[in-house]
Amino acid sequence: MSEVIDLKRRNFLKTSAAVGAGVSMGATSAFALSPYEDAINLKEEKIKEIKNAKFTPTFCGMCVNMCGFIAREVKGKIVKLDPNPLYTKSRSFACARGNSAIAAIYDPNRLQTPLIRVGEKGSGKFKKATWEEAYEYIKEKLVKILDEEKDNRSTIAFGAGAGAEEPIFANLVNGIGSPNFVDHFTTCFAPAFLANKLTYGSWGFGDFEKTKYALLLGANRAEAIVTPDTLDMFRNTHKRGMKLVYIDVRYTNTAVNADEFIPIKPGTDLALILAMIHETINRGYHKTPYKSEYLSKYADGLTELEEYFTKGEGAKYTPEWASKITEIPADTIRKITKEFSDAAEKYKGAAVCYRSRKSTWYYQDFDFRRAQAIFNSLHGCVNRPGGVLLGRGLKAEKYEYEDFPIYDNAKPRIDLALKPKDEYPLMNPQKGSWQYFRDKVIEINTKWKKGEKLSENEYPVRGLFVYRENPVQSVPGREKTIEMLKLMDLVVVIDIIPNDTAFFADVILPDTTFLERTSPLKSFGTLREPMIGIRWQATKPLYNSKPLRDIMYELSKKIEKDLAAITFKYTWDEDELEVPYPKGFNLAKYLNDDFEIDEEKLKKDIKDEKVIKAILTHAGEDDLDIASFKLSVAFEKTVEEFNKEVMKELYGEEALKIVKEHGVYWPGIEDAIKAGFIDEKLKVFKKDIKDKHKLIYEIYKKYSKIDKNYCIVPKNGKFIKLTLKNIANQTITSPINGKKDKVEALPKWREDLYEEPKNGEVRLVIGRHGYFTQSSHPNNFLLLDLMNYNYIWINDELAKELNLKFKDEVELTNREGKKVRGKVYPTKKIRKDTIFVATGFGSQSKLLTLGYDNGISQAAIAEDHIDPFIGAASMNETFVKIRKV
């Protein structure tokens, strides 16, 4: 790979030191100065730098929270990121990941130019290419695939990570016409999202700023996902009378800051919530004045719920029953249920049983999240201040094109079409399931490669475009994901670094970092402060990288005529047109840039007037309407043009000016700016402003022209469905014993979906850490300086039995026989039957200097288990044996 990156570790350290100097925070080099005069000169130089710097509003792209920043550029380099105080979604907050974006720009392993594979797939051997060469390579492969597949657009699949550019990438997906799109949904929050969506129509957000009682089950907010609402949870909790109860398998920083920590047996959260619902129903906690009125007005299915927990299956879910499963004392279950109930009644729903961000843990997560949604609803906490807010944003538009044609020969998505209609998992029809999709592609592509006959709905998936997603490193069953990629004819990866998935690509296209591009505006409807944010380009793109919109526009221009010609060919109806398709005819030769047919050239090449007439008829507006197949039309408007047009149209010239200057808009912000808190040049609070930490909370409340109850979504009628009859009686299959069962209208504890460790095993629990976003930043030297390894948390008593000390290396072997090595961290703060590993480490891409083989990869050790309800990755259903090495 020397022709692409010639980077040894020593060179990397030299380069990173140079980069560090280029993005210096100011203090580092000051320590090297001994004379006082040099320090004075340095201060003057920094003042001069600030005076001449460029300050640009943007929002973060290091995770999905998208906090607001003001980027400082000095002499062409980003040197500092300051929180944007007017950006109400983040309220002057910046976490370690956000600040480490500087390292992402200047990562020495960053992709610098398009690459085309020259060795075996997975060898890591690529050649440098121009953008034109890369587009040409993609075009030739696409044309060959779609021609051989007779215009089945579904044979090209897509995957993307979450972010502001999603609508841009969606235009390519919809323009090519494939239903096969997969993202992080089933490796992240699918069970919680669908459970809440089905119960009360929304994902919902915990209103931690106003809540009086917060119950967190495994939601390690103090360190796993540190965002502004995390600060809301812990800020002045006792002063405002809030109680925080935290339940988890290990004692974390959230436990340290909680009022009460309750240890629980892993995989038994559902049993706990079922017992709390049982206690609520049987003690009549839901019949108090506020809750009675709330439930009668908004909830449907209460009678069935009461019967279920008094006379039906749920009658056995007593605190004593749950205590045997969870190992939480029955009296503790009763106590926290009563406390939650009292808080919800006294404060009119200002209590929340938080549903967590990432929830793809156990086989029973879907029913666990349903039970949480029911519990919140029973206590009147949904769509209430301090409870679960449904979220409502300001009016905005998406960068999306809606007039793409429907392709006649595109088949249904591969992971749903072959699944029996009366069987689960209930997968999201737009996103499917990564594991189901991957496994089905392997099965069918293997048959296809062998020349075996495929059934009516089977077809090979021969191409994959991946944007800012890393399935090789994030989806359990790493070897299977690699096998899928090797069975495809075309894999295109668009990213910033050569990650694990890029290592197995045919073409790699270098993306820009979020600081090097303007992104489509976003309306943020979280919590109580809706706003519109815009990410403006803060610095020029480095190297030969390009923003996604430019890549999509240029690629679509390259492929659109040939792809349209294939559709033209395979929609030709000989009976209607009265002539057979002309042998060797290629419509692409006759389309001009406006997608009009050059009739003069057509008549010069074809002498048969009937054929010419048929061609023009088939391409005309009354038939195929060939102009509608112009893919590039979806990207003709630049992102800057789109943002300006939408803001001006919806909110006027003044709003456009404000959002250009400050990167954010909400009704009333103009008065906040005029109040004089903000430095006009720096775009942050002026230095002499007192109590800035309080002001970020008060500024919106004082100046916003939006009604204070805007966060409460108007609801007419009974929008809460306590029982889900629409999903009942569907068949599920136990991944443990293969037995068939039926989905219930209400959540149910299933013994055959719960397992204990056996024969010296421990359960592996996988979770986030606030410094890393899944598999996106394994090579970020600033983050690695904060956390350089994901040690295996192991109970100190078990460690002694295995003769293990801190940093000793062990080998973990799961039930599938997969092995990884890692270093241990013995501690009293975890159960003896459980070990814990954080995500974000263990990359196997040899193109990364720091990330390669550093730590443990969840994709390598998590067993390839799938939730039978939703199709999500049940990563914590992994059991391992530990061996000292």
Side-chain angles (χ1 to χ4, degrees), residues 121 135 137-160 169-183 404-419 427 429-467 469 471 480-494 501 504-507 552 555-556 558-572 588 629 631:
K121 191 173 285 188
Y135 294 149
Y137 182 97
I138 294 168
K139 184 191 84 169
E140 290 179 4
K141 289 280 190 177
L142 275 179
V143 171
K144 184 176 186 295
I145 291 169
L146 293 176
D147 194 22
E148 291 177 353
E149 296 300 324
K150 296 180 170 50
D151 203 34
N152 174 21
R153 299 302 179 107
S154 305
T155 201
I156 308 299
F158 299 85
F169 191 71
N171 279 343
L172 180 68
V173 179
N174 296 329
I176 287 186
S178 173
N180 283 316
F181 174 81
V182 283
D183 67 2
F404 285 120
I406 297 174
Y407 291 86
D408 292 357
N409 297 314
K411 295 184 178 181
R413 61 177 302 140
I414 200 70
D415 52 359
L416 291 179
L418 302 175
K419 184 176 70 68
M427 292 181 283
Q430 280 76 45
K431 300 184 177 184
S433 160
W434 246 121
Q435 287 155 288
Y436 266 95
F437 169 80
R438 176 199 63 197
D439 294 350
K440 190 56 65 177
V441 170
I442 291 173
E443 175 191 336
I444 297 175
N445 280 24
T446 300
K447 288 169 63 176
W448 171 72
K449 291 274 188 180
K450 291 180 179 178
E452 297 179 14
K453 185 177 181 181
L454 303 181
S455 66
E456 182 180 354
N457 288 322
E458 289 182 330
Y459 58 88
V461 176
R462 299 175 59 181
L464 176 66
F465 285 79
V466 182
Y467 174 65
E469 190 177 22
K480 292 172 72 174
T481 308
I482 292 171
E483 181 184 0
M484 176 193 72
L485 298 178
K486 287 185 175 181
L487 286 168
M488 291 179 168
D489 297 329
L490 176 65
V491 177
V492 179
V493 170
I494 307 170
T501 304
F504 294 91
D506 296 290
V507 181
M552 296 290 94
L555 177 60
S556 63
K558 186 70 177 178
I559 66 176
E560 60 188 358
K561 292 179 183 178
D562 294 275
L563 268 56
I566 288 172
T567 297
F568 182 86
K569 176 180 177 180
Y570 290 105
T571 53
W572 185 278
F629 290 82
L631 179 56

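Numbering starts at 1 and runs along the sequence shown.
- For Pro460 against Asn445, the heavy-atom pair with the smallest separation is CA-OD1, 3.2 Å.
- To the nearest 0.5 Å, the span separating CZ on Arg462 from CG on Leu142 amounts to 10.5 Å.
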- Trace of the side-chain hydrogen bond (donor to acceptor under 3.5 Å, both in side chains) decision for Trp448 with Glu443: CA-CA 9 Å; Trp448 171 72; Glu443 175 191 336; over 6 Å; no
Could you list the donor-acceptor pairs under 3.5 angstrom formed by side chains in residues 560-571, with sequence neighbours left out?
from, atom 1, to, atom 2, distance (Å)
Glu560, OE1, Leu631, N, 3.1
Glu560, OE1, Ser632, N, 2.8
Glu560, OE1, Ser632, OG, 2.9
Glu560, OE2, Ser632, OG, 3.2
Lys561, NZ, Leu591, O, 3.1
Lys561, NZ, Asp593, OD1, 3.3
Thr567, OG1, Asp151, OD1, 3.3
Thr567, OG1, Asp151, OD2, 2.9
Thr567, OG1, Arg153, NH2, 2.7
Thr567, OG1, Leu563, O, 3.4
Lys569, NZ, Asp147, OD1, 3.2
Tyr570, OH, Asp147, O, 2.9
Tyr570, OH, Asp147, OD1, 2.8
Thr571, OG1, Thr567, O, 2.6
Thr571, OG1, Phe568, O, 3.4
Thr571, OG1, His618, NE2, 3.0

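- Rounding to the nearest 0.5 Å gives a distance of 12.0 Å between CD1 of Ile482 and CG of Leu487.
- With sequence neighbours excluded, the residues forming a side-chain contact (heavy atoms from CB on, under 4.5 Å) with Lys558 are Glu132, Tyr135, Glu136, Lys139, listed by chain and number.
- Salt bridge present: Glu148 and Lys144 bring a charged side-chain N and a carboxylate O closer than 4.0 Å.
- Ring centroid separation for the pair Phe629 and Tyr407 comes in under the 6.0 Å cut-off.
- Interatomic distance, CG of Leu418 versus OH of Tyr436, reported as 12.5 Å (0.5 Å rounding).
- The closest side-chain heavy-atom distance from Phe504 to Val491 is not below 4.5 Å.
- Listed for the Asn152 side chain is a donor-acceptor partner under 3.5 Å among the backbone atoms of Lys411.
- Atom CD of Glu452 is surrounded by more than 12 heavy atoms from other residues, nucleotides or ligands within 6.0 Å.
- Remark: Thr155 OG1 to Met488 CE distance equals 8.5 Å, nearest 0.5 Å.
- For the residue pair Arg438/Thr481, the side-chain donor-acceptor check at 3.5 Å is satisfied.
- Using a 4.0 Å cut-off between charged nitrogen and carboxylate oxygen, Lys440 and Glu458 do not count as a salt-bridge pair.
- Remark: Ile156 CD1 to Phe181 CZ distance equals 15.5 Å, nearest 0.5 Å.
- Salt bridge annotation for Lys480-Asp439: present, with a cationic side-chain nitrogen under 4.0 angstrom from a carboxylate oxygen.
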- Message: What verdict does the side chain to side chain contact (heavy atoms under 4.5 Å, CB included) test give for Val507 and Val493, after you've listed the backbone C-alpha separation in whole Å, the side-chain angles of each residue and the deciding distance to 0.1 Å?
- Response: CA-CA 6 Å; Val507 181; Val493 170; over 6 Å; no
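- Identified under the side-chain hydrogen bond (donor to acceptor under 3.5 Å, both in side chains) test for residues 170-180, with sequence neighbours left out: Asn180-Tyr459.
- Ring centroids of Phe158 and Phe465 are separated by less than 6.0 Å, placing the two rings close together.
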- Message: Apply side chain to side chain contact (heavy atoms under 4.5 Å, CB included) to residues Val492 and Leu464 and explain how you reach the verdict.
- Response: CA-CA 6 Å; Val492 179; Leu464 176 66; over 6 Å; no
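- Looking at Lys431 and Asp415, no side-chain N of the basic residue comes within less than 4.0 Å of a carboxylate O on the acidic one, giving no salt bridge.
- A donor-acceptor pair under 3.5 Å is absent between the side-chain atoms of Lys121 and the main chain of Asp506, judged by distance alone.
- To the nearest 0.5 Å, atoms OG (Ser433) and CG (Leu416) are separated by 9.0 Å.
- In the displayed structure, Lys449 atom NZ is contacted under 6.0 Å by more than 12 heavy atoms of other residues, nucleotides or ligands.
- Residues Pro471 and Val466 are in side-chain contact: their nearest non-hydrogen atoms beyond the backbone lie under 4.5 Å apart.
- The backbone N or O of Pro179 lies less than 3.5 Å from a partner atom in the side chain of Arg413, making a donor-acceptor pair.
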